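Have a look at the structure below, then the notes.
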Amino acid sequence: MAKEVIRQYLPLLEEEGRGAATDDDVGRDRHYLPDVPDEDPYQAGHRTCAGCGPAIEYRWVLKAAGQDTVMAGPTGCMYVANSTYLCTPYTVPWAHTPIASGGSFTSGMAAGYEAMIRKGRHPGPYPNIIVMAGDGSAADIGLGSISGALYRNHDALFICYDNECYANTGIQVSPTTPYAGMTTFTPFGKAKPEGTSLPPKNLAKMMAAGHPHCYVATTTVGYPVDLMNKTRKGLNHRGAAFMHCFTPCQKGWVYQTSMTVEIGRRVVEAGLFPVWEYDPADRTYHYFHPPVQRPVTDYLAMQGRFGHMLPEHIASIQAQANRNWQDIGMDVPAELREGEDPAKHLRLREETYSMPLNRGVGA
Ligand SMILES: Cc1ncc(C[n+]2csc(CCOP(=O)(O)OP(=O)(O)O)c2C)c(N)n1
Ligand code: SF4
Ligand SMILES: [Mg+2]
């Protein structure tokens, strides 16, 4: 007789954690400094760059998921830097998949575990099944296979760690590279002074709109508790879940290595990466309203990949941020409205705290 497939439940972490005890008076730290679980299925032993955002995200996702987890990783930095022969940071089973096949591989794992548990060949309970794909894989080369897995509703969590470029092969443009973000395939110059000229693909909204039965969420490395709770909600959800995580890439974006988490918060406070959750039960979006709203230059000037930007480029990004504020139901302060006027801006490299120009990192 077929055995029952038992699902696990991961309790959510306290959002008011230790962050509430800091002297932060505007509440920026509310989702920060969590009482994180002690276990660390993603250990020392990887070879990512100092300050690598995806490595931080991997560690927190696996802390949230715990030891009863199986992982897959399509080709990208987090496969290459994490899996030198005989040396890996994982203490959970992990497999590398071709860059196009993260979704299909994970579908197979999920269906395989269901069948093995039913037939009594695996003792159960059903494990946490996670695939973490880069933006080049999830938003581009492997998009079809992830969409197929979401549509078929396999019980697994599909995560895109988004460093807004094909990092591992030398920082090439990907569909999530932001407007004016310089990459080795979109250098700035006379013909295209802005560098990347297209707006980024809105991957998470595509996934939610296209697969309305799935749990879908966005988060960043700026909000560890939010990131870990959404990981747990995605795993607790019976069926397919998708999480899009903003993860700065120190090498490709050119910033001070200690600033990864701060950049993960500023992108939200600048209105450039809305953090939200889509609930398939009532088919609604729930938006996070950050306690601080800041001009986009507070975010852009920290990164050398934007150092070439001219006033009209900055004004155009501010206009996009202002549209985002309205979309998530927040008012646009007058100061940010004024930022839509190019005359209000300097060239980015003339901002007092801007990073040096990036003239071809990774090349
Ligand atoms: C079909 C295929 N095309 C190209 C490559 C070369 N390749 C290896 S890693 C990589 C970058 C992947 O980018 P992303 O998924 O964003 O991960 P990241 O390196 O940024 O972490 C590419 C293009 C490949 N492995 N397979
Ligand atoms: S290139 Fe970027 S994503 Fe890759 S290991 Fe370095 S910081 Fe991390
Ligand atoms: Mg990438």
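Counting starts at 1 for both ligands and their atoms, following the listed order. Keep in mind it's a predicted model, so treat the numbers as computed, not measured.
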Lys251 side chain vs Cys49 backbone, donor-acceptor pair below 3.5 Å: no
Hey, which protein N/O/S atoms does atom 4 (Fe) of ligand 2 have under 2.8 Å? Cys77 SG
Looking at ligand 1, does any of its N/O atoms fall within less than 3.5 Å of an N/O of Ala167? yes
Starting from atom 13 (O) of ligand 1, which protein heavy atom do you reach first, and at what distance in Å? Tyr166 CD2, 3.2 Å
For residues 186-199, which residue pairs qualify under salt bridge (Lys or Arg N to Asp or Glu O under 4.0 Å), counting only residues two or more places apart or in two chains? none
Using a 4.0 Å heavy-atom cut-off, say whether Asn168 meets ligand 1 through its side chain, its backbone, both or neither. both
Under 4.0 Å and counting heavy atoms only, is there anything from the protein next to atom 5 (C) of ligand 1? no
Strictly under 4.0 Å, does any heavy atom of Tyr161 approach an atom of ligand 1? yes
I'd like to know if Cys165 contacts ligand 1, where contact means a heavy-atom distance under 4.0 Å to any ligand atom. yes
Measure Asp135 to ligand 1 on non-hydrogen atoms and call it side chain, backbone, both or neither using the 4.0 Å cut-off. both
Do the ring centers of Tyr223 and Phe288 come within less than 6.0 Å of each other? yes
Which of Val261, Val275, Thr247, Asp162 passes side-chain contact (heavy atoms from CB on, under 4.5 Å) with Thr220? It is Val275
Gly264 versus Val268, closest heavy-atom pair with distance: O-CG2, 3.8 Å
Contact check: Ile141 vs ligand 1, nitrogen or oxygen atoms, below 3.5 angstrom: no
Proximal atoms of ligand 1 relative to Asn163 (non-hydrogen, under 4.0 Å): 18 (P), 20 (O), 21 (O)
Short N or O distance, Thr169 and ligand 1, threshold 3.5 Å exclusive: no
I'd like to know if the side chain of Thr219 pairs up with that of Asp226 as donor and acceptor (distance under 3.5 Å, no hydrogens or angles considered). yes
If you compare all heavy atoms of Arg265 against all heavy atoms of Gly222, which two are closest, and at what distance to 0.1 Å? CG-O, 3.3 Å
Look at atom 25 (N) of ligand 1 and find which of Thr247, Thr48, Thr75 reaches it with the closest heavy atom. Thr75
Just wondering, more than 12 heavy atoms not from Lys344 lying within 6.0 Å of its NZ? no
Closest non-hydrogen protein atom to atom 18 (P) of ligand 1, residue and atom name please, with distance? Cys77 N, 3.5 Å
Taking both backbone and side-chain atoms of Gly136, is any N or O found less than 3.5 Å from an N or O belonging to ligand 1? yes
Kindly give the heavy-atom pair with the smallest separation between Arg232 and Pro37, and that separation in Å. NH2-CG, 3.9 Å
For the residue pair Gln320 / Arg323, report whether a side-chain donor-acceptor contact shorter than 3.5 Å exists. yes
Note: ligand 1 atoms sitting under 4.0 Å from heavy atoms of Gly134 are 14 (P), 15 (O), 16 (O), 17 (O)
Show which atoms of ligand 2 fall inside a sub-4.0 Å distance from at least one heavy-atom site of Gln250. 7 (S)
Indicate, with yes or no, if the rings of Phe246 and Trp253 have centres closer together than 6.0 Å. yes
Considering only the protein, which heavy-atom contact is closest to atom 15 (O) of ligand 1, and what is its distance? Ser137 N, 3.0 Å
Are His244 and Phe273 near enough that their ring centres are under 6.0 Å apart? yes
Does either side chain, that of Thr260 or that of Tyr255, offer a donor lying less than 3.5 Å from an acceptor on the other one? yes
Protein residue, atom and distance nearest to atom 1 (C) of ligand 1, heavy-atom basis: Ile99 CG2, 3.5 Å
Counting only heavy atoms closer than 4.0 Å, does ligand 1 sit against the backbone of Pro98, its side chain, both, or neither? neither
Could you tell me whether a side-chain N or O of Asn128 sits under 3.5 Å from a main-chain N or O of Ala65, the two making a donor and an acceptor? yes
Is the terminal nitrogen or CZ of Arg59 (NZ for Lys, CZ for Arg) located under 6.0 angstrom from the six-membered ring centre of Tyr42 and within 45° of that ring's axis? no
